[in-house]
Number of protein chains: 2
Amino acid sequence: MARPPSPLLSVEAIVDAALVLVDETGDFSFPKVARRIGVSQSALYNRIDNREHIIELMRGRLFSDQVIPPLEGLPWDEALRVLVRAYRDGFAEHPRLVPLLVSQTVQDLGVVGLYENIAITLERAGLEQAHIGPAIATIDYLALGAALELTAPAVVWSPPAGEFPALHRATALSESVEQRAEAAFAFGLDVLVAGVRVKASHNFF
Amino acid sequence: MARPPSPLLSVEAIVDAALVLVDETGDFSFPKVARRIGVSQSALYNRIDNREHIIELMRGRLFSDQVIPPLEGLPWDEALRVLVRAYRDGFAEHPRLVPLLVSQTVQDLGVVGLYENIAITLERAGLEQAHIGPAIATIDYLALGAALELTAPAVVWSPPAGEFPALHRATALSESVEQRAEAAFAFGLDVLVAGVRVKASHNFF
DNA sequence: ACCTGAACACCGTTCAAGT
DNA sequence: ACCTGAACACCGTTCAAGT
């Protein structure tokens, strides 16, 4: 077999296979993706440019099938919560992909659309123009971090009881990874909304 | 040469070499570390266990030579600012190391000491016990994210002007990477302090 | 146009062998 | 105890060759 009548390969199949591997093992490789599809390793280069390209395609997949509910009726703080949650949920569906994303720049346009909505909402909040970029960055850190938390093992710091009393008290109420990640994200989101409110109110004086 | 009278190798030399490589190239490898020290690749395994071990040793290095000023006299919000800045500055000295750190759990005890100080300060702020863990996680996200920002290229989203007006306005005031990272961190820190204040005040009602 | 197979320059880790 | 060199099972990427 050299040139089949209908192509054996598609970009979609490559991204599918890579995403399955990342979900299962935390990483992917060309040999494994190729084996999973049943094609030779070098054939992948007919559809994609390189490893980075596959990662960027996976990032796009995270947000492509996301439905954002209408935000018109909502006050800015509710709208902001919806958007930041949607952003976090995108990452949280494939948490083991996040470490591969952080060392690479965003190129996907679907993600940029989500950013635009967040920027609009922050303008509605009354945040001054110079603070909107920094606010989006902060939201980025929160969403990425909260998703990363999902990949962490059950106990994070495991502080020696006697030496670090305050930390020991804080981690004593230990739950599942999911509960801990959700609690951290919920707290971060509350802090964000409260902080943006305070920042925005400074504009009125 | 097989067994030299005094060892050619030390853990310190390995961590030094790996850190230089990460700073310069964003990654390190056993062959490159060994070549830089002038020793064979397999000799490294006399001092360290594996690749993860080297990464964890580099994480420790970030905070080992950090001097934290005394916090006794300070109000909780000032103290919190000092600690979170110290945490961020630790990462910021070797920003290209951060992507290697995010997929691995914290084992270094110097870092845990910093966490303890933050936990104490959050207790002083009046934050309820159940919120201290989530608050530390949020601080983690902020510090890691702000350091990651330093590795990003100059333009992050580069939004097509017409299609994403709000985002275009927000990114129009573009500065250097360092300025942008600092602005984002400063905003995030303000939001954090304001948010913690709001959260803590709920305990008084 | 679309695939295979071989080739190349890289990895991390193990292990027998030397002193 | 401490090092070397060879070996192994992996990588990402390129390219000539086939239809």
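Order of the sequence lines sets the chain letters (A, B, ...), proteins ahead of strands, with each chain counted from 1.
Counting only heavy atoms from C-beta outward, the side chains of B:Pro7 and B:Arg47 approach each other to under 4.5 Å. Residues B:Thr151 and B:Val98 are not in side-chain contact: their nearest non-hydrogen atoms beyond the backbone lie 4.5 Å or more apart. Looking only at side-chain heavy atoms (C-beta outward), B:Leu148 and B:Pro99 come within less than 4.5 Å of each other.
Distance, B:His53 NE2 to C:dG12 C1': 16 Å, rounded to whole Å. Between the CG atom of A:Asp49 and the P atom of D:dG12 there is a distance of 15 Å, rounded to whole Å. Atom CZ of B:Arg35 is separated from atom P of D:dC3 by 18 Å (rounded to the nearest Å). Taking atom CG of residue A:Leu44 and atom P of nucleotide D:dT13, one finds them 11 Å apart after rounding to whole Å. As rounded to whole Å, 16 Å separates atom P of C:dA16 from atom OH of B:Tyr45. Between the CG atom of B:Asn50 and the P atom of C:dT13 there is a distance of 5 Å, rounded to whole Å. Between the CD1 atom of A:Ile54 and the P atom of D:dC11 there is a distance of 13 Å, given to the nearest Å. Separating the CZ atom of B:Arg51 from the C1' atom of D:dC10 is a distance of 14 Å, rounded to the nearest angstrom.
A cation-pi arrangement is present between B:Arg51 and B:Phe28 under the rule of less than 6.0 angstrom and at most 45 degrees off the ring axis.
Proximity note for B:Ser42 (side chain, C-beta onward) versus D:dC2, C:dT4, D:dT4: the nearest is D:dT4. Side-chain proximity of A:Lys32 to D:dT14, D:dC3, D:dC11: nearest is D:dC11. Closest to the B:Ala43 side chain, of the nucleotides C:dT13, C:dG5, D:dC3, is D:dC3. Relative to the side chain of B:Asn46, the nucleotides C:dA6, C:dT13, D:dC3 differ in distance, and D:dC3 lies closest. Of the candidate nucleotides C:dC3, D:dG5, C:dG12, C:dC3 has the atom nearest to the side chain of A:Val39. Comparing C:dG5, D:dT13, D:dC2 by their closest approach to the side chain of B:Arg47 singles out D:dC2.
Heavy-atom neighbours of B:Glu12 CD from other residues, nucleotides or ligands within 6.0 Å: at or below the threshold of 12.
A distance-only check finds a donor-acceptor pair linking the side chain of B:His53 to the backbone of B:Asp49 [under 3.5 Å].
Contacts between residues 14-30 of chain B and DNA chain D, counted as heavy-atom distances below 4.0 Å, involve no residue at all.
Using a 30° and 60° split on the angle between ring planes, B:Phe30 and B:Tyr45 fall in the parallel class, below 30°.
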